[in-house]
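Just so it is clear, the structure is predicted and the values come from calculations on it, not from any experiment. Every chain is numbered from 1, with letters handed out A, B, ... down the list of sequences.
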Amino acid sequence: MLRSSQPLMGPNRKRCREDEVLLGTVLDEGERGFIIDTRSAQAAKQARMTGGGTEPKSSYPQWRRLHRPLERGRPLQESFIKLVEACNDTLINMDRWLSRLESCRWLSHVKAALSTACLAAQCMDREEASVLVHGAEGTDTTLLVTALAQVILDPSCRTLAGFQGLLEREWIEAGHPFHLRCARSAYSHARLKQEAPLFLLFLDCVWQLSRQFPFSLEFGERLLLTLFDNAYASAYGTFLCNNVKERRVGREVGTALCLCKVKESTHSLWAWLNQPGEKKKYLNPLYSHNALVIWPSVEPQSIQLWQGLFFRWIRSSQYLDEAWAEIQRLVEGN
Amino acid sequence: VENVRLLDRLSSRKAALGTLYLTATHVIFVENVSETRKETWVLHSQISSIEKQATTATGCPLLIRCKNFQVIQLVIPQERDCHDVYISLIRLARPVKYEELYCFSFNPKLDKEEREQGWKLVDLNEEYNRMGIPNNYWQISDINRDYGVCDSYPTELYVPKSATAHIIVGSSKFRSRRRFPALSYYCKDNNASICRSSQPLSGFSARCLEDEQMLQAIRKANPGSDFIYVVDTRPKLNAMANRAAGKGYENEDNYSNIKFQFIGIENIHVMRNSLQKMLEVCELKSPSMSDFLWGLENSGWLKHIKAIMDAGIFIAKAVAEEGVSVLVHCSDGWDRTAQVCSVASLLLDPYYRTMKGFMVLVEKDWVSFGHKFNHRYGNLDGDPKEISPVMDQFIECVWQLMEQFPCAFEFNERFLIHIQHHIYSCQFGNFLCNSQKERRELKIQERTYSLWAHLWKNRANYLNPLYRSDHGQTQGTLRPQMAPCNFLYKFWSGMYNRFEKGLHPRQSVTDYLMAVKEETQQLEEELEVLGERLANLQKSQLNDDKVKSKQQDRSKQLGLSTSDNSLANTPQEYSNDLKSFPSRSPSQGDEEDSALILTQDNLKSSDPDLSANSDQESGVEDLSCRSPSGGGCLPSEDSGKDSDEAVYLAV
């Protein structure tokens, strides 16, 4: 599975030999690959006007392009804000709740993300074909798809250590701009242009997987909530800045250059999480290594609202916590 | 009929070819594949509707919808055969006499005494004694011993001490269907009670002294409070409309010391339509999230569930927190009243959250108090306007509570699903007829078997591993969050999509934890035995004493073996938004992508379609040992642990 950003075709349909050769080397003679473009065919076409574009079949003959539009940017942030508002609305009648939930579109985004990741996984596992995933920038929906596909395909990504590694690789080092995307969250009136909850969407999808495959993830909901918290505000440096360069070299803040030197100046979230005393809080007592691919159902009935996150401060989790404690007790007793 | 195809609901291309059989009690489809000969059994009594669809090139489609939400789509090659099957099923699914029902031919090979014992498992007198009755405030009344006062009530009822025979009879004449106020639940901690009745025949201005005295008697039976709540579970408009027909509700001016309250649960017709709409949503092929949420909201189903629950919560609060007695009624006092009283009881008393207690609750508030099973669930062919999913809704309320309080119930989801199944199956005699009187006339207990005994025998399958009687959550009153709590009501896909394996987690957490629990227990017992042996060894001087221990393959026992394929599942179609199916050829142009390229054809179908769940009903591998009147290898819905043969059976 490969990821990139969009090819800079432009309105003149530029070609790039090197790019074509690079993609050509990935595939053997006669083999075919799939390009999953996370923009609609329309949007991808329009991107040419601003210098972007798609891979034309004639230049990349072995690659089959599929468009699976995934929401990102402002609309996704709006979706998130609307959902949080709906969840906090104490006056809403049962009559209207579901349509209100629907109008937020958040669950539709979860369904689309999971479906696309499954498609990528299917290409690899069932078709035994290579996959290239990209959107426009390659830093948002692209990473959502590649990271999720790996959780689906690869049992090692479902272990606690493996999942952390996945996050480091596919989100942090891959350059998802956390600083811009996870700025103020849903309550802020600031409505920053660059803010969007892609990472939360990813965590929500992982939560859906944990619900559908209760034995297959080594970690539980608590880890996902902790990651959500730390992406927005953290005592640790793991989610700081927007990319590796900024973390090492620094970034311009106003007119001054801010030397981040994250590794020298901050502590790692992973180091803290992996301490034996902490670690056990994040483990799933039901975990049992599952060597197979996990294929989630993306039917609407199978996708649920992540109550643990969206109602975290609204309703008590006491009874569910007690249930998990009992599960823990039963498993440990054994 | 041979060469019949059974279609998969989600993928019409995945069809099984086999033979269709019609027996006196079942429709059976047996797949031609010789290794598995997978069978699908459907009881005639489960059939809700049969639809003959337009003949296509491939044959004549027949759609069978069942009351337990199974949907079977068959394609019969010859139109003539299809028509014959259709006509036969119509007749078979609409029995005219009770004797046609399965329960009269079902034979679990038990002797007469065992059958009797089965019926004695639930004893309502014992239950009222457990509540603390009779006592200073409540007594048993045999005024209805010959069903002379009310023919839909049981022969034994509990009434306030100060309610004389005269008062009871007078009150019964002032109540719809003579269903006078009688005790449903008594809280011995504070003497508050839940009583139930039907609506008073008050019209606009009628009064009845005895009925007013009856309510006074209920109030006096609770010295801790100087008033009672009267809860009318109907919407105010409906109740008011009833007044024009000479019925209505209690006027606070006429009945001293009552506080009147409307709750607003809709009637049986609204509920029937609501379920219908929801099932239509379930039948959508590859709906979007929007389609689903809009459809679900449009049906109003969860709104109704919440309304019933809210009513139960109100009553439970009145009893537990305020110590005030409540009289509940609707129109006839056998639908919404039953729902609301039993939900309230479940919230109040942890006993009803045990398996045995739940059976007792159903026997008390549904069976003995004359819920019209025959009319509501169509044992016999009758007026379609009487059909309504009343008990289904109650069962769902229980499930919603189980989701909110996972440790509070001794039984699990499967228990509820099987009970729902048997409301319609007519395999046992508990849910037949419209009243205790009718059941006694038909001698149901001498001619059929009790569901409770059957479930009790298999109770190991129905336990909730998280239940511990000493746990905080399982004790005392349950207090569900009142508001905001719309989100707490979930769509119950385990029930309404019960037969769609692809929708459910492949592995059952419940079964796994039960196995863990069992194993722990066994290990502890072994440890004890070994400990004793060791002690003996140390005492004795003999050295040829061998210590044996049972070798157990742990992973197999716990049902989680990662070396075999039991966890494998198959991907569904992830390009659901595309209408075209199958794919177009790969030589499509650049911009085209809308072809569904991953069709079932080019997907490897190597993963066996297995389920480690035991929510499926198991089948019997060999058809030859089956006979319509039962017999040795009778299929049962309980032994679904056979993960290799995921057979759908509605028995």
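- Taking every heavy atom of both residues into account, A:Val331 and B:Val516 meet most closely at CA-CG1, 4.3 Å.
- The most heavy-atom pairs under 4.5 Å with chain B, out of A:Leu320, A:Leu107, A:Ile152, come from A:Leu107.
- With values rounded to the nearest 0.5 angstrom, A:Gln301 atom CD is found 7.0 Å from B:Glu500 atom CD.
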Using the rule given for side-chain contact (heavy atoms from CB on, under 4.5 Å), can you reason through A:Leu286 versus B:Val509, listing the C-alpha separation, both sets of side-chain angles and the distance that settles it, and then say yes or no? CA-CA 8 Å; A:Leu286 296 171; B:Val509 174; 3.8 Å; yes

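- For B:Gln473 (side chain) and A:Tyr319 (main-chain N/O), a donor-acceptor pair under 3.5 Å exists by modelled atom type.
- When the side-chain contact (heavy atoms from CB on, under 4.5 Å) test is applied to A:Asp321, the partners found at least two apart in sequence or on another chain are A:Ser317.
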Between A:Leu330 and B:Leu466, does the side-chain contact (heavy atoms from CB on, under 4.5 Å) criterion hold? Intermediate values first, please. CA-CA 8 Å; A:Leu330 282 175; B:Leu466 302 181; 4.2 Å; yes

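- For the atom pair B:Leu488 CG and A:Gln307 CD, the distance stands at 5.5 Å (nearest 0.5 Å).
- Taken from NE2 in B:His471 to CD in A:Glu322, the straight-line distance is 4.5 Å, to the nearest 0.5 Å.
- Only the side chain of A:Arg105 comes within contact range of chain B, judged by heavy atoms closer than 4.5 Å.
- For chain B, the option among A:Cys118, A:Ser108, A:Ser302, A:Ala86 with the highest count of heavy-atom pairs below 4.5 Å is A:Cys118.
- For chain A, the nearby part of B:Gln404 is the backbone; its heavy atoms alone come within less than 4.5 Å.
- B:Ser286 and A:Glu299 make their closest contact through CA-OE1, 4.2 Å (heavy atoms, listed as atom of the first residue, atom of the second, distance).
- Here the shortest heavy-atom pairing between B:Pro287 and A:Pro300 reads O-CG, 3.5 Å.
- The residue among B:Glu403, B:Arg468, B:Lys490 with the most heavy atom pairs within less than 4.5 Å of chain A is B:Arg468.
- Going from atom OG1 of B:Thr520 over to atom CG of A:Asn334 covers 3.5 Å, rounded to the nearest 0.5 Å.
- Here A:Trp97 contributes atom CH2 and B:Leu302 contributes atom CG; the two are 12.0 Å apart, rounded to the nearest 0.5 Å.
- Although no hydrogens or angles enter the test, the distance criterion places a donor-acceptor pair under 3.5 Å between the side chain of B:Glu297 and the main chain of A:Ser99.
- Highest contact tally toward chain B, considering only A:Arg96, A:Gln42, A:Gln304, is held by A:Arg96 [criterion: heavy-atom pairs under 4.5 Å].
- In this structure, CG on A:Leu98 lies 13.0 Å from OH on B:Tyr489, to the nearest 0.5 angstrom.
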Under the side-chain contact (heavy atoms from CB on, under 4.5 Å) criterion, do B:Gln507 and A:Ser216 qualify, and how do the steps go? CA-CA 10 Å; B:Gln507 306 144 296; A:Ser216 300; 4.2 Å; yes

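- When all heavy atoms of A:Ser297 and B:Gly502 are compared, the pair lying nearest together is CB-O, 3.4 Å.
- Heavy atoms of A:Phe310 lying under 4.5 Å from chain B are absent altogether.
- For a residue to count as touching a neighbouring chain, one of its non-hydrogen atoms must lie under 4.5 Å from one of that chain's; by this rule B:Ser290 touches chain A with backbone and side chain alike.
- Counting heavy-atom pairs under 4.5 Å between each of A:Asp95, A:Thr116, A:Asp37, A:Ile92 and chain B puts A:Asp95 at the top.
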Apply side-chain contact (heavy atoms from CB on, under 4.5 Å) to the pair B:Lys303 and A:Asn93, showing each step before the final yes or no. CA-CA 9 Å; B:Lys303 179 184 75 165; A:Asn93 221 316; 5.9 Å; no

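- Nearest heavy atom pair, residue B:Cys407 against residue A:Ala323, reads SG-CA, 3.6 Å.
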